[in-house]
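Only one structure is covered here, and it is reproduced in the block below.
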Amino acid sequence: MNEETLDPADWDELRSIGHSMLDDMFEFLQTVRERPVWQPVPDAARQELSEQLPRAGMPIADVYEQFKRAILPFPTGNIHPRFWGWVMGTGTPVAMLADLLASGMNAHVSGYDQSAVLVERQVLEWTAELLGFPLSASGVLTSSGTVANLIGLTVARHVAGGAEIKTAGVARARRLMFYCSAETHSWVRKAVQLLGLGDESLRIVPVRPDFTMDTDALQSLIHSDRAAELQPACVIGTAGTVNTGATDELRMLAAICRLEKIWFHVDGAFGAFAKLSSHAALVDGLELADSVAVDFHKWMYMPFEAGCAVVRDQAAHRATFESTPTYLAPLARGIAPEPLVMAGRGLDLSRGFKALKVWFSLKVHGADVFGRLIDQNIAQARHLASLIENSEMLELLAPVPLNVVCFRYVNRSHSLERLDAINRELVLRVQESGIAVTSSTMLHDQFAIRVAITNHRSRFEDFDLLVRHICAIAGEIDG
Ligand SMILES: *Cc1c(COP(=O)(O)O)cnc(C)c1O
């Protein structure tokens, strides 16, 4: 019998191409500023990426050539200094190396007596400290903010519904009610639907003119729900909304939740990290939450993916997800002396070593520089806002409390519809120019150009360039 393996027959050959891959990636990162932010994937590349299933292998050098030709040149552009669309992190060279090491180790980070679990525990403790939580808080790294938020809400549901929710499900419980603002990110719909609660269990609280939750409206909704024999279960606050970077009055929400004895969850996907900066007061009260979701792959600039759920009450977190079948039962010694600690804190059983890139980054760069970079991004957002305020052609459409700037081109002689159409075209032409990427949103039913800065490569001059470029293109569109 001819035994096979996926290890190379010639390690030296693989080593040599591996070294050139690494060199090429360093080059790619070092020269990113010189390339267009984004360009459409050309037809030739699309065709190359629509092939027959390869039954037999081919030399890695050939595959790598195809990668360099059809894949590497056509990303979204979020590693570029002038990418400010949606909320995407930039990535870092150090974290890239850590990902390589983690993939090589291929640790199964569900539990077990192994170093990778200790690294994740360490990262979770550091995260708790950075966010102002007690070190006794529980937590788990996740693929995304969506999943980290889902974990927070699942624990909230478990605490409100009692252990019976695991056996009888939500159908037998009194209807559990969740409250969030009209500016909460769309993950919340997925979460209440997945949890079997449905949209009708989600109360959308209106926002004030600064896009933060109207806490009076929240209180009256809670009271009318109680009067209707529904069970208020959880208030979801946001630290840094996706639309405008607004942060709900977290301290006030925490007080309401304490009074009403309901769970307080905070979606801090990017905004929670303002806690590391000199603008920590903006997210004051975050540390009072029962659970928080954050994304290292946004404002901590880590490569995708690394989200994180932090849950204050360890026991509640454990009780929500624990289940130990015989094939996972711990033995007193050996590799598995206790139940699988990380698998017992979320959805995934098989989990990768995401913690390593966070651990490496915090050690190599130190936590303080992340606070300074967040300050830098906030200062850049304020710089952009002042450029807009000083421009005859542009106007701000929302306050700029954090790192998100919403604005548009204005021309007083146009109708609102015409302005929306011009601004829509403007966003597209800026993207297609390759000079910068912004995204867009709707605020008070008006189309807004949206810049969200979670980018450690951006310089102040990049925003000067953006404004010049936008004004020039607006002039072209509007004659
Ligand atoms: C990005 C984002 C999310 C979703 O996080 P993912 O990691 O993209 O799943 C949730 N809330 C806010 C405020 C976000 O910006």
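First listed ligand is number 1; within each ligand, the first listed atom is number 1. The figures here come from the full heavy-atom set of this structure, side chains too, leaving out hydrogens, waters and symmetry mates.
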### Message
Any nitrogen or oxygen of Ala269, side chain or backbone, less than 3.5 Å from one on ligand 1?
### Response
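Min N/O separation from ligand 1 is not below 3.5 Å for Ala269.
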### Query
What is the closest protein heavy atom to atom 3 (C) of ligand 1, and at what distance does it sit?
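The answer is Lys298 NZ, 3.2 Å.
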### Query
What residue and atom, counting heavy atoms only, is the protein's closest point to atom 9 (O) of ligand 1, and at what distance?
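The answer is Thr146 OG1, 2.6 Å.
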Element-labelled atoms of ligand 1 that are located less than 4.0 Å from some non-hydrogen atom of [X]:
X	value
His297	7 (O)
Phe270	15 (O)
Gly240	13 (C)

### Task
Report yes if the side chains of Val405 and Leu396 come closer than 4.5 Å at any heavy-atom pair, otherwise no.
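Yes, their side chains come closer than 4.5 Å.
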### Query
Should Phe264 and Ile236 count as side-chain neighbours, where that means a heavy-atom distance under 4.5 Å?
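Not touching, per the 4.5 Å side-chain cut-off.
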### Task
Classify the contact between Ser144 and ligand 1 as side chain, backbone, both or neither, using a heavy-atom distance cut-off of under 4.0 Å.
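Both backbone and side chain.
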### Task
Quickly, which of Ile470, Ile449, Val410 forms a side chain to side chain contact (heavy atoms under 4.5 Å, CB included) with Asn423? Name it, please.
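With Asn423 as partner, side chain to side chain contact (heavy atoms under 4.5 Å, CB included) holds for just one option, Ile449.
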### Task
State whether Lys357 and Glu305 are salt-bridged, where the test is any N-O pair (Lys NZ or Arg NE/NH1/NH2 against Asp/Glu carboxylate O) under 4.0 Å.
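Salt bridge flag = no for Glu305 with Lys357.
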### Message
Going by the closest heavy atom to atom 11 (N) of ligand 1, which one wins out of Val87, Asp295, Asp267, Val404?
### Response
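It is Asp267 that holds the nearest heavy atom.
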### Task
Could you check whether the rings of Tyr301 and Phe370 sit parallel, tilted or perpendicular, using 30° and 60° as the cut-offs?
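Correct class here is parallel.
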### Message
Parallel, tilted or perpendicular, judged at 30° and 60°: which one describes the rings of Phe463 and Trp84?
### Response
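It falls in the parallel class, under 30°.
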